[in-house]
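Written below as structure tokens is the structure these notes are about.
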Amino acid sequence: MLSNPFSAPRARHGRAPDVFRHGAWVSMREHRETDEVDFAIVGTGAGGGTLAALLAEQGFSVVAFDAGPYFRPLEDFASDESEQNKLYWTDRRVVDGANPIQMGGKNSGKAVGGSTVHYAMVSLRFRPEHFSARTSLGYGADWPISWQEMWHYYDLAEKQINISGPLTYPWGPKRPRYPYRAHELNGAGKLLAKGCEAIGINWTETPLATLSAPLSGPEGKSPPCAYRGFCRFGCTTNAKRSALTVWIPRALAAGAEIRDLAMVGRIETGPSGRATGVHYHREGEWHFQRAKNVVVAGYAIETPRLLLNSADQRYPDGLANSSGLVGKNLMTQSNQAVWGRMDEPVRWYKGPPSLAITEHWNYDDNKDFHGGYIWLGQGPLPNEWASIQTGARGLWGQKLRDAMLDYNYMIGVKMVGEMLPNEANRVTLSDDLDQYGLKVAKITYAWGDNDKALIAHALEQMGRSIEAIGAKGIFLQEDDTNHLGGTARMGSDRRTSVVDADCRSWDIPNLWICDGSVFPTVGGVNPALTTQTIALRTADRIGQLAAAGEL
Amino acid sequence: MATTRERLKASFLLGFRGEAPVARGGYETAPIPSKTEIVTAARRLNRAAGTIAASVLVDSAMEHYRGDFRNKAMWTPIVTSALSIGVSVHGHVDGRHGAHPLRDTVYVAAGLTGLVGTAFHIYNVTKKVGGFSWQNLFYSAPIGAPAAISLSGLMGFLGERVRDNKPGTRPMVAGLPAGRVVAALTGASLLGTTAEAGLLHFRGAFHNPAMLLPVTMPPAAAALLVYAAVGPAGVARPASRGWLAATAAMGIAGVALHAYGVSRNMGGWRNWRQNLFAGPPLPAPPSFTGLALAGLAALALLVDDKDD
Ligand SMILES: Cc1cc2nc3c(=O)[nH]c(=O)nc-3n(C[C@H](O)[C@H](O)[C@H](O)COP(=O)(O)OP(=O)(O)OC[C@H]3O[C@@H](n4cnc5c(N)ncnc54)[C@H](O)[C@@H]3O)c2cc1C
Ligand code: SF4
């Protein structure tokens with residue numbers, strides 16, 4: 001009988017689940033709450049999970065907290081879209097603004113491994129100019145890190161995550177060969193390719209964080225992808241390279257402790273103004289863990305919420321907020337799609353959904369708006385497809401039934417587009433309380449004119465591409481968004497950013513933020529590889545600062 | 001004594017039979033069981049042809065079953081390789097001198113089938129989106145696979161040519177010393193097969209170091225064979241023979257390694273119905289065994305061929 005990952009923590013009593021073997025455990029070092037650990041990390045996703053492994057491997061004592069459960073993919077994941085809603089952060093949140101963001105499965109996970117447990121594995125590098133968007137392209141904000149440095153850490157990230165990708169990537173400066181070969185294109189991928197060729201733009205196989213061959217890594221043995229297409233609902237095979245299968249096992253092996261079902265509610269600061277530890281809720285009680293350093297890695301909503309909820313007498317506006325920017329400049333990415341019906345069956349549900357990509361529009365500057373976008377092949381599973389039919393097309397009853405019968409013939413392409421930072425788009429605290437008694441986040445969002453122009457351009461191009469290959473009954477899905485960023489941006493000036501290039505907060509030298517919220521701009525590609533890359537760099541920098549006695 | 005050129009020309013006219021053929025009837029009506037080196041070498045080549053054909057039979061049956069036999073032509077390699085196995089067994093038990101017309105016909109047919117199959121697989125690659133790209137080389141109908149049946153045909157055909165030499169004569173193929181011809185062609189075939197294994201193991205990112213074996217051992221064997229083909233005759237070459245024997249063994253071990261590869265897929269062998277197709281092909285590696293056997297036959301011929 002399987003234990004319920006939600007009923008009680010699994011990482012306890014000196015052991016944690018071995019995600020690679022049924023029912024097995026790996027040993028886990030544990031720390032007392034009275035021990036002042038080197039790092040308390042809040043969140044174990046793309047940012048926190050990566051950092052937990054890399055800091056522990058450098059010999060730091062690490063405790064990483066996650067509000068979500070510790071899943072065993074081989075046992076807990078079902079091939080069932082509804083069941084797998086358990087992966088998402090569906091706690092109460094308030095959304096408003098002209099274009100309220102739909103929260104939950106689209107954009108936030110709550111599990112050890114964070115959103116990478118259900119992410120679509122698309123692993124892209126920013127366009128180099130996107131790191132200096134303000135000076136090179138005239139919009140948004142510059143990153144405090146050069147693209148050359150990021151390129152170096154991207155190399156390391158791709159290698160350690162073991163990305164499967166094309167032999168030559170058609171855009172951007174040279175990069176090393178991906179560790180594993182690209183996957184076979186499914187019907188949807190081939191049609192994306194045909195569509196791109198029909199309108200004269202380049203395409204390639206998408207670099208994906210799922211294995212195209214078996215892997216025996218230091219973290220464990222994984223089989224290659226089985227092409228069943230449940231990626232966004234939790235990969236049952238472990239072919240997916242999520243934080244849960246890449247970084248967390250490494251963190252444990254290096255002596256980090258993971259605390260699952262542990263919601264951090266407040267960061268404590270001491271008389272010196274430095275962070276002293278975290279208050280967290282686990283097994284029905286509040287606890288306090290002492291720490292020399294606190295890293296917040298809860299993603300772009302929960303990170304500012306925790307900083308704001310940690311306001312105290314000394315920091316009445318929340319921690320690390322002397323710039324007033326905590327929670328501001330929230331960005332999502334536009335995720336509009338065009339759909340159509342082919343005459344021949346496509347069976348788009350086979351394999352990872354986004355096997356082919358065009359990044360052409362990130363590299364073409366002859367557009368009358370700022371920013372760029374990509375588009376990817378799609379393979380929504382039936383529930384999601386039904387909700388697109390009811391949502392984007394308003395179909396119900398017999399019409400909906402008829403539309404669903406075309407499932408095997410459908411194709412679609414979906415964009416991931418850059419949205420520009422805007423201080424009015426933000427996370428604040430609502431007066432509503434969640435199950436832990438904490439103020440919930442209020443998320444305010446409106447698209448700007450530039451965002452709308454970019455979306456219109458993408459919809460037009462995507463429509464052209466599938467029309468050119470004979471898709472019929474084309475319709476648009478016009479109001480979807482996905483990944484998040486901003487709300488604790490990094491920069492080189494403490495007045496206009498929350499953290500520096502090392503993800504260290506300007507205000508509190510032992511408070512760090514290392515996740516998607518530090519992005520000053522979101523670029524026109526999916527963010528998770530960049531988040532992990534930043535964590536790699538941050539870990540290196542922390543090592544250097546420690547060696548120099550500057551922690 | 002005819003010049004080499006004349007002999008070559010004659011051999012083409014005579015259906016590639018090398019030296020003027022011996023009267024067939026005599027052998028057929030009054031078989032003289034002969035244990036001459038010529039027949040031994042020919043039978044070795046039959047075994048080589050049969051081994052490769054067996055590899056092709058199982059491989060193409062599995063792959064084309066997976067492809068639902070969508071195109072009737074997908075039965076061709078199955079029929080051809082089965083026939084090639086049949087005549088190879090026949091050749092193996094046949095202790096007589098002289099080429100056999102049925103064996104010859106089947107081997108030539110196998111050789112041609114492979115060529116047509118290769119053309120077809122290339123066409124299949126080029127018509128896919130992306131054309132001649134890594135994606136299609138990796139995942140479309142494998143270009144090298146049909147060539148394997150050609151190699152079976154080639155080895156069998158060479159066996160028949162060798163066998164067609166008179167007992168006690170110096171074995172020739174197409175007017176050239178048989179050992180050298182077989183060594184050179186086997187060397188080339190090994191390189192071709194290496195290319196196929198290399199492509200697919202590259203697709204698998206050489207994730208297991210054992211995947212390097214079929215891209216290192218066979219090329220070395222090929223080099224040894226080419227050296228033997230042009231080098232001095234009448235030499236024992238124990239190291240080369242040892243290396244070829246090891247290459248033959250590698251082909252068999254490859255089945256076990258591929259079986260391990262199958263187990264590395266989700267569900268392992270419990271899920272054999274899917275993983276036999278998702279994992280590395282079990283029947284493929286023995287192609288190397290077949291070619292190594294042919295190489296051993298060539299070396300044996302060269303040892304006996306002292307008349308250089
Ligand atoms: C359906 C979906 C598909 C995606 N596909 C892709 C893709 O293909 N490519 C790509 O690049 N990106 C993709 N993303 C985005 C990507 O997953 C995220 O950008 C990335 O995981 C963010 O990393 P993070 O570390 O900032 O946060 P997360 O990975 O979300 O991790 C945050 C963790 O912190 C925990 N947490 C938060 N607050 C607290 C607290 N107070 N106490 C304790 N724990 C807390 C949460 O439970 C969560 O586990 C996808 C996202 C979704 C939802
Ligand atoms: S398609 Fe591949 S990556 Fe996606 S869930 Fe299945 S095995 Fe995992």
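Every chain is numbered from 1 and lettered A, B, ... according to where its sequence line falls, protein lines coming before strand lines.
Within a 6.0 Å sphere centred on CH2 of Trp25(A), heavy atoms belonging to other residues, nucleotides or ligands number more than 12. Atom CD of Glu467(A) is surrounded by 12 or fewer heavy atoms from other residues, nucleotides or ligands within 6.0 Å. When the shell of 6.0 Å around CH2 of Trp75(B) is examined, it contains 12 or fewer heavy atoms from other residues, nucleotides or ligands. Surrounding NZ of Lys194(A) are at most 12 heavy atoms belonging to other residues, nucleotides or ligands under 6.0 Å away. Heavy-atom neighbours of Tyr65(B) OH from other residues, nucleotides or ligands within 6.0 Å: at or below the threshold of 12. When the shell of 6.0 Å around NZ of Lys350(A) is examined, it contains 12 or fewer heavy atoms from other residues, nucleotides or ligands.
Residues Ala182(A) and Tyr139(B) share a closest heavy-atom pair of O-OH, 2.6 Å. Taking both residues in full, the closest heavy atoms of Ala193(A) and Val129(B) are given as CB-CG2, 3.7 Å, listed atom of the first, atom of the second, then distance. In terms of heavy-atom proximity, Trp203(A) sits nearest to Gly130(B) at CZ2-CA, 4.0 Å. Contact between Met266(B) and Pro223(A) at its shortest, heavy atoms only, is N-CB, 3.6 Å. Across Gly204(B) and Ala213(A), no two heavy atoms sit closer than the pair O-CB, 3.6 Å.
Contact count versus chain B (heavy atoms, under 4.5 Å) is highest, among Thr237(A), Thr236(A), Leu211(A), for Thr237(A).
In this structure, chain B has no heavy atom under 4.5 Å from any part of Leu191(A).
Side-chain atoms of Glu205(A) and Gln135(B) include a donor-acceptor pair closer than 3.5 Å.
With a 6.0 Å cutoff to the six-membered ring centre and a 45° limit on the axis angle, Arg181(A) counts as a cation-pi contact of Phe202(B).
When atom types are taken as modelled, the side chain of Arg264(B) and the backbone of Leu215(A) share a donor-acceptor pair closer than 3.5 angstrom.
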